[in-house]
There are 2 protein chains.
Amino acid sequence: MSQISWQAIRGEVERRVSTGIWRPGDTIPSEAALAEEFACARATVNRALRSLAEDGMVERRRRTGTRIAPLPSPKARIPVPLLRAEVEATGAAYTYRLLRRRLAAPPALVAQRIGLRGRLVNLRALPLAGAKPYCLEERWLNPEAVPGLLDVDFATVSANEYLLAHVPLSKGTLALSAAPAGAAEAKALATGIGKPLFEMIRTTWSGTCPVTTVRLLFPPGYRLETVV
Amino acid sequence: MSQISWQAIRGEVERRVSTGIWRPGDTIPSEAALAEEFACARATVNRALRSLAEDGMVERRRRTGTRIAPLPSPKARIPVPLLRAEVEATGAAYTYRLLRRRLAAPPALVAQRIGLRGRLVNLRALPLAGAKPYCLEERWLNPEAVPGLLDVDFATVSANEYLLAHVPLSKGTLALSAAPAGAAEAKALATGIGKPLFEMIRTTWSGTCPVTTVRLLFPPGYRLETVV
DNA sequence: TAGTGGTCTAGACCACGTA
DNA sequence: ACGTGGTCTAGACCACTAA
């Protein structure tokens with residue numbers, strides 16, 4: 001068989017963009033036209049162009065057609081970190097120390113992030129790599145989103161792992177930034193006040209129901225790496 | 001028609017996972033079996049399961065079948081930031097000031113990142129939002145990867161935009177971290193020494209040929225946000 | 001209204017990896 | 001060897017949206 005693969009079509013489109021045959025902003029031929037050119041089924045072209053669209057290289061709209069993204073920028077996939085896996089990948093033992101657990105109304109900033117104003121479960125925890133603090137975790141959980149949440153012993157199960165196993169996490173936001181260590185954070189992470197911490201704030205919904213918002217603070221030296 | 005959609009199948013699989021019918025680590029029925037259950041074509045089931053696999057919720061292997069990921073973790077897409085677009089989205093005018101341009105051998109750390117030891121083009125630049133420094137850019141370019149690079153006037157065209165338009169960027173790495181401001185960085189970004197900066201290091205190849213490595217330092221307050 | 005992408009079908013063959 | 005996912009085909013209808 002001399003069937004052309006969707007990867008080959010994708011590659012040819014990329015080649016035409018990189019050699020300037022098609023330039024950013026250009027509208028390219030329709031799926032039907034390309035299918036004829038490559039002598040393949042339209043579904044195969046569709047597969048290739050859909051793949052490019054997912055990577056941000058082309059933009060597709062009905063009726064208007066497919067065009068090369070004005071600023072083709074590949075999108076990086078970063079895995080939402082699984083602390084246990086990250087720690088164990090370094091060879092260290094992963095442990096999880098619960099520092100605080102309470103039921104409280106969240107501060108305004110947190111309430112705004114998660115879109116809830118009532119009483120939430122608040123956890124402060126310290127995932128460890130061996131004996132070393134790996135990060136500081138400040139979490140707020142919506143008890144109405146997680147059946148049985150109030151009975152979970154978070155001293156033995158990390159909230160993250162409990163949620164992954166019990167709640168279908170559908171959507172979420174992720175914010176990354178740098179923040180100075182406050183007194184409490186410096187102490188928990190065994191670093192100095194004002195030191196640059198890597199901050200990750202994640203808020204998650206299950207459908208339209210807010211589930212949790214968590215702020216992770218990583219000590220100086222932490223790096224989040226990925227491949228584009 | 002009462003055709004079932006691949007999204008519906010995906011939703012049903014998610015439901016079965018979230019309700020515990022299928023648990024992390026379980027192998028689920030084959031595509032053919034599911035197609036029969038849902039009375040649809042196998043391609044439709046394939047589309048649904050492939051979508052779930054791309055999001056990290058299931059793992060698929062030939063012969064072995066499809067199983068629920070032991071730790072189902074959604075993967076975040078973060079857009080590689082386009083400074084101009086980011087700045088202009090805030091309503092400010094984007095400008096780009098070239099602080100330094102020279103031909104030099106990179107320091108060991110940079111040489112290791114990009115995998116080159118010879119003389120490279122080194123740029124230091126300051127993208128601005130209005131009159132305010134947006135970030136500090138330290139870039140190393142491989143002149144052999146970019147035809148005509150030595151003749152480009154980077155005082156009027158930002159290196160990033162030049163590259164996007166002239167080089168097919170295929171692969172790259174991205175590292176995010178927090179770093180303290182040194183004296184030069186604090187001055188350029190109008191902040192204090194030791195303040196936490198958000199650091200982004202991006203290295204890009206065109207095929208197997210190293211093109212550029214760039215380190216962006218963002219002043220305190222910068223946030224990289226995305227949706228999972 | 002018409003053109004484009006989005007999707008589903010039914011069938012086929014292939015590639016891979018376990019046994 | 002054989003079962004599973006990976007992919008391609010040819011055709012069809014639908015959904016969206018600009019003209």
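A note on names: the letters A, B, ... follow the listed sequences, proteins ahead of strands, and every chain is numbered from 1. Since we're looking at a predicted model, the values are computed, not measured.
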Using whole Å, what does the distance between atom [atom2] of nucleotide [N] and atom [atom1] of [X] come to?
X: Arg50(A); N: dC8(C); atom1: CZ; atom2: P; value: 10 Å
X: Arg10(B); N: dC8(C); atom1: CZ; atom2: C1'; value: 18 Å
X: Arg60(B); N: dA15(C); atom1: CZ; atom2: C1'; value: 14 Å
X: Gln3(A); N: dC14(C); atom1: CD; atom2: P; value: 9 Å
X: Glu59(A); N: dG5(C); atom1: CD; atom2: P; value: 14 Å
X: Glu31(A); N: dG6(C); atom1: CD; atom2: P; value: 6 Å
X: Gln7(A); N: dC14(C); atom1: CD; atom2: P; value: 17 Å
X: Glu36(B); N: dA10(C); atom1: CD; atom2: C1'; value: 15 Å

Got a salt bridge between [X] and [Y], using NZ or NE/NH1/NH2 to carboxylate O under 4.0 Å?
X: Arg50(B); Y: Asp55(B); result: no
X: Arg215(A); Y: Glu199(A); result: yes
X: Glu31(A); Y: Arg60(A); result: yes

For the [atom1] atom on [X], are there more than 12 heavy atoms of other groups (residues, nucleotides or ligands in this structure) within a distance under 6.0 Å?
X: Glu225(B); atom1: CD; answer: yes
X: Glu37(A); atom1: CD; answer: yes
X: Leu150(B); atom1: CG; answer: yes

Handout entry: Option from Leu120(B), Thr203(B), Leu116(B) for which side chain to side chain contact (heavy atoms under 4.5 Å, CB included) with Pro210(B) holds
Key =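 Between Pro210(B) and the candidates, side chain to side chain contact (heavy atoms under 4.5 Å, CB included) is satisfied uniquely by Leu116(B).
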Problem - Residue-phosphate contact under 4.0 Å: Thr66(B) side-chain N/O, dG5(D) OP1/OP2 - result: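 Yes.
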Exercise for the section: Could you pull out all residues at least two apart from Glu12(B) that satisfy side chain to side chain donor-acceptor pair (under 3.5 Å)? Expected result: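 Testing Glu12(B) for side chain to side chain donor-acceptor pair (under 3.5 Å), a comparison that skips the adjacent residues, returns Arg15(B), Arg16(B).
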Can you give me the N/O atom pairs linking the protein to nucleotides 17-19 of chain D at distances under 3.5 Å, or say none if there are none?
unit_1, atom_1, unit_2, atom_2, d
dA18(D), OP1, Arg61(A), NH2, 2.8

Problem - Geometric class of the Tyr222(A)/Phe198(A) ring pair [parallel <30°, tilted 30-60°, perpendicular >60°] - result: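 Taking Tyr222(A) first and then Phe198(A), their aromatic rings sit tilted (interplane angle of 30° to 60°).
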Problem - Interface with DNA chain C, restricted to residues 38-47 of chain A and to heavy atoms under 4.0 Å - result: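 Per residue number, the list reads Arg42(A), Asn46(A).
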